[in-house]
Amino acid sequence: MAPHVLIIVQNLPVPLDRRVWLECRALRAAGYEVSVICPKGPGDPGYAVLDGVHLYKYAPPRQADGLLGYAWEFLYCWLRTAALTLKVRRRARFHVMQACNPPDTYWALALPWKAAGVKFVFDHHDLNPEVFRSRFGEPTGRAGKLQLAVLKWLERRTFRTADRVISTNTSYQDIAVRRGGVRREHTTVVRSGPDTSVMRPAYVPDPPLRGGKHLVAYLGIMGPQDGVDGVLEVADRIVHFHGRTDVRFALLGFGDCLDDLKRQCRDLGLDDYVEFTGRVGPDQISRYLSSACVGLSPDPKSPLNDVSTMNKTMEYMAYALPVVAYRLTETVVSAGNCAVYVEPGDTDGLADAVLHLIDDPARRAELGAQGRRRAERVLDWRPQAQAYVGVYDELLGFRSAGPFPDGWPAAERRTGPGVAPKDRWGNQLVDLRDQDALRTFAAARVAERLREG
């Protein structure tokens with residue numbers, strides 16, 4: 001009988017959580033049975049089976065406000081998750097529980113299941129002590145110090161309860177070893193790389209330019225630590241200081257700061273130039289990132305951001321989209337020489353770098369093509385999937401089929417001689433085997449093709 005893995009996620013529904021969904025699909029392809037417990041997204045049922053993955057979902061709590069609000073949110077989600085573990089168990093015994101943080105509270109749920117023989121794997125997505133310090137600074141008062149101490153205690157308990165730890169990068173792995181006391185051989189780095197056979201550029205016939213000629217994109221969560229307010233400051237400088245009314249900005253995503261950002265946008269007089277899409281799916285991500293000429297990674301330097309891998313940076317690169325980013329340790333690890341870096345906090349420099357790229361198609365061609373190749377050869381999900389499944393094979397002594405039993409999927413397939421295929425939405429894909437075609441796309445994208453038309 002195939003081992004059964006139960007994955008617990010609190011901060012995003014699945015399959016919207018791209019990393020977790022890739023993990024689910026890798027385990028399924030390797031021959032594991034997979035169940036997931038997570039909050040519902042809009043219109044989601046309480047139970048569904050998608051691509052062979054059993055999804056158990058609960059109604060999310062109302063948005064937390066203040067310390068008591070966050071405490072209630074964690075307790076509510078923990079209790080709903082605990083109840084659903086019993087429902088999963090009634091359907092089928094599970095052999096491993098994987099918890100993805102935040103928060104660092106599911107070690108307490110893992111303990112009774114470990115007593116029943118279930119293994120516990122911690123998929124380390126976030127650094128909660130660093131989140132606290134990034135949002136509130138180093139605490140000086142008794143209450144702040146107590147909150148930080150509790151977060152560190154919860155983190156230690158999670159590390160010490162885990163049979164294996166999966167880290168999103170080597171910075172996180174070092175923290176697991178140094179701060180968590182985890183044996184290095186019990187940690188494995190599994191980066192959140194894009195699946196470049198799916199995430200790839202396409203020619204969009206109806207680009208979302210909203211009357212402009214150039215599109216700048218931001219993709220990601222919109223929380224206090226994500227620096228999305230800096231995107232609006234960049235837009236303000238480009239539109240009002242430089243007078244570039246030909247540039248539009250698309251902010252894809254959602255988060256605690258979305259309403260505040262919309263008010264900031266209105267106060268800056270940018271409503272005609274900035275679009276907030278809200279929650280987006282794969283079709284919209286492909287449409288916007290294939291249409292944009294620059295992708296922004298505005299994450300400010302903080303104890304959290306400096307050592308965290310930003311998925312958006314790698315996703316921009318998968319779409320051959322040139323990146324402008326603040327120079328953070330793990331951002332440089334991801335993008336290498338395929339991005340334009342600005343010193344952290346220099347919003348004017350960020351805006352100027354965006355404009356320079358907009359007006360330099362040759363540089364866009366170079367960065368876009370190099371970024372796509374780096375995404376394929378260095379960052380791609382495929383080797384990460386092998387490492388991920390390997391954790392379970394080793395832990396359980398199971399000889400799985402591996403995440404790609406039929407061989408690695410090719411990033412380029414043709415429908416006929418000399419013909420590049422179309423994506424799921426009918427858009428012609430860029431021929432990635434043709435370096436000149438890739439460079440031309442990375443340089444021209446939408447604006448140049450419109451002028452030619």
Before you tell me yes or no, could you show the steps for E23 and Q98 under side-chain hydrogen bond (donor to acceptor under 3.5 Å, both in side chains), namely the whole-Å CA-CA distance, both residues' side-chain angles and the distance that decides it to 0.1 Å?
CA-CA 11 Å; E23 291 175 343; Q98 172 184 312; 3.0 Å; yes
Going through the checks in order, is the side chain to side chain contact (heavy atoms under 4.5 Å, CB included) test met by N101 and F122?
CA-CA 8 Å; N101 77 328; F122 176 41; 3.7 Å; yes
What do the steps show when you test S308 against E330 for side-chain hydrogen bond (donor to acceptor under 3.5 Å, both in side chains), and what is the final call?
CA-CA 6 Å; S308 295; E330 284 293 337; over 6 Å; no
Evaluate Y56 against T85 for side-chain hydrogen bond (donor to acceptor under 3.5 Å, both in side chains), listing each step before the verdict.
CA-CA 9 Å; Y56 297 80; T85 62; over 6 Å; no
Report the C-alpha distance between E33 and R28 in whole Å, list the side-chain angles of each, state the deciding distance to 0.1 Å, and finish with yes or no for salt bridge (Lys or Arg N to Asp or Glu O under 4.0 Å).
CA-CA 6 Å; E33 183 176 357; R28 285 292 300 147; over 6 Å; no
Using side chain to side chain contact (heavy atoms under 4.5 Å, CB included), reason through L432 and E376 one step at a time and then give a plain yes or no.
CA-CA 11 Å; L432 298 174; E376 293 172 355; 3.9 Å; yes
Between V53 and L55, is a side chain to side chain contact (heavy atoms under 4.5 Å, CB included) present by the stated rule, with each step listed?
CA-CA 6 Å; V53 178; L55 303 174; 3.9 Å; yes
Steps toward side chain to side chain contact (heavy atoms under 4.5 Å, CB included) verdict (Y316, Y218):
CA-CA 9 Å; Y316 297 152; Y218 169 87; 4.2 Å; yes
Yes or no on side-chain hydrogen bond (donor to acceptor under 3.5 Å, both in side chains) for S297 and T313, after CA distance, side-chain angles and deciding distance?
CA-CA 6 Å; S297 292; T313 303; 2.8 Å; yes
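A donor-acceptor contact closer than 3.5 angstrom links the side chains of S35 and H4.
A distance of 10.5 Å separates OH of Y273 from CZ of R210, quoted to the nearest 0.5 Å. Put simply, CG on D17 and CD on Q10 are 12.5 Å apart, with the number rounded to the nearest 0.5 Å.
Nearest heavy atoms, F94 versus R89: CE2-CB, 4.1 Å. Closest of all the heavy-atom pairs between P282 and R424 is CB-NH2, 3.8 Å. Closest heavy-atom contact between P201 and S290: CA-OG, 3.7 Å. Residue R19 comes nearest to D123 through the heavy atom pair NH2-OD1, 2.9 Å, listed as atom of the first residue, atom of the second, then distance. The shortest non-hydrogen separation linking V9 to V14 is CG2-CG2, 4.1 Å. Heavy atoms only, all atoms of each residue included: Y326 and G345 are closest at CE2-N, 3.5 Å.
Sorted pairs that involve residues 98-113 and meet salt bridge (charged side-chain N to carboxylate O under 4.0 Å, His left out), not counting sequence neighbours, are lacking altogether. Residue pairs satisfying the side chain to side chain donor-acceptor pair (under 3.5 Å) criterion with at least one member in residues 37-50, sequence neighbours excluded, are listed as follows: D44-K57, Y47-H54. Applying the salt bridge (charged side-chain N to carboxylate O under 4.0 Å, His left out) rule to pairs touching residues 311-322 yields R18-E315, D299-K312, sequence neighbours excluded.
The side-chain hydrogen bond (donor to acceptor under 3.5 Å, both in side chains) test applied to D267 returns no partner, not counting sequence neighbours. With sequence neighbours left out, D174 forms a salt bridge (charged side-chain N to carboxylate O under 4.0 Å, His left out) with R184.
Salt bridge absent: E73 and R62 never bring a charged side-chain N and a carboxylate O closer than 4.0 Å. Note on R179 versus E155: salt bridge recorded, some NZ/NE/NH1/NH2 to OD/OE distance being below 4.0 Å. Salt-bridge formation is detected for the pair D163/K114: a Lys NZ or Arg NE/NH1/NH2 atom is positioned less than 4.0 Å from an Asp or Glu carboxylate oxygen. Checked for salt-bridge contact, D380 and R382 meet the test: a charged N lies under 4.0 Å from a carboxylate O.
Remark: R279 is positioned above the aromatic ring of F254, its terminal NZ or CZ atom under 6.0 angstrom from the ring centre and at most 45 degrees off the axis.
Residues D271 and C265 have side chains in contact (heavy-atom distance under 4.5 Å, counting atoms from C-beta outward). Counting heavy atoms from C-beta outward, S334 and R191 have side chains that approach closer than 4.5 Å. Using a 4.5 Å cut-off on side-chain heavy atoms (C-beta onward), N169 and Q173 make no contact. Taking the side chain as every heavy atom from C-beta outward, V430 and R372 never approach each other to under 4.5 Å. A heavy-atom distance below 4.5 Å is not found between the side chains of T158 and Y106. Side-chain contact check for Y288 versus S291: every heavy-atom pair is 4.5 Å or farther apart. Between E394 and H186 there is no side-chain heavy-atom pair separated by less than 4.5 Å. Using a 4.5 Å heavy-atom cutoff, the side chains of C338 and V323 are not in contact.
Aromatic rings of Y203 and F441 (six-membered ring for Trp) have centroids within the 6.0 Å cut-off, being under it. Checked against the 6.0 Å centroid threshold, W107 and F159 do not count as a close aromatic pair.
Classification of the W381-Y388 ring pair by plane angle, with boundaries at 30° and 60°, yields tilted. Y76 and W72 have tilted rings, their planes meeting at an angle from 30° to 60° on a 0 to 90° scale.
Between the side chain of T81 and the main chain of C77, a donor-acceptor pair closer than 3.5 Å is present.
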Distance-only check: which donor-acceptor pairs under 3.5 Å involve side-chain atoms of residues 396-407, not counting sequence neighbours?
from	atom 1	to	atom 2	distance (Å)
S400	OG	D393	OD1	3.1
S400	OG	D393	OD2	2.8
S400	OG	G402	N	3.1

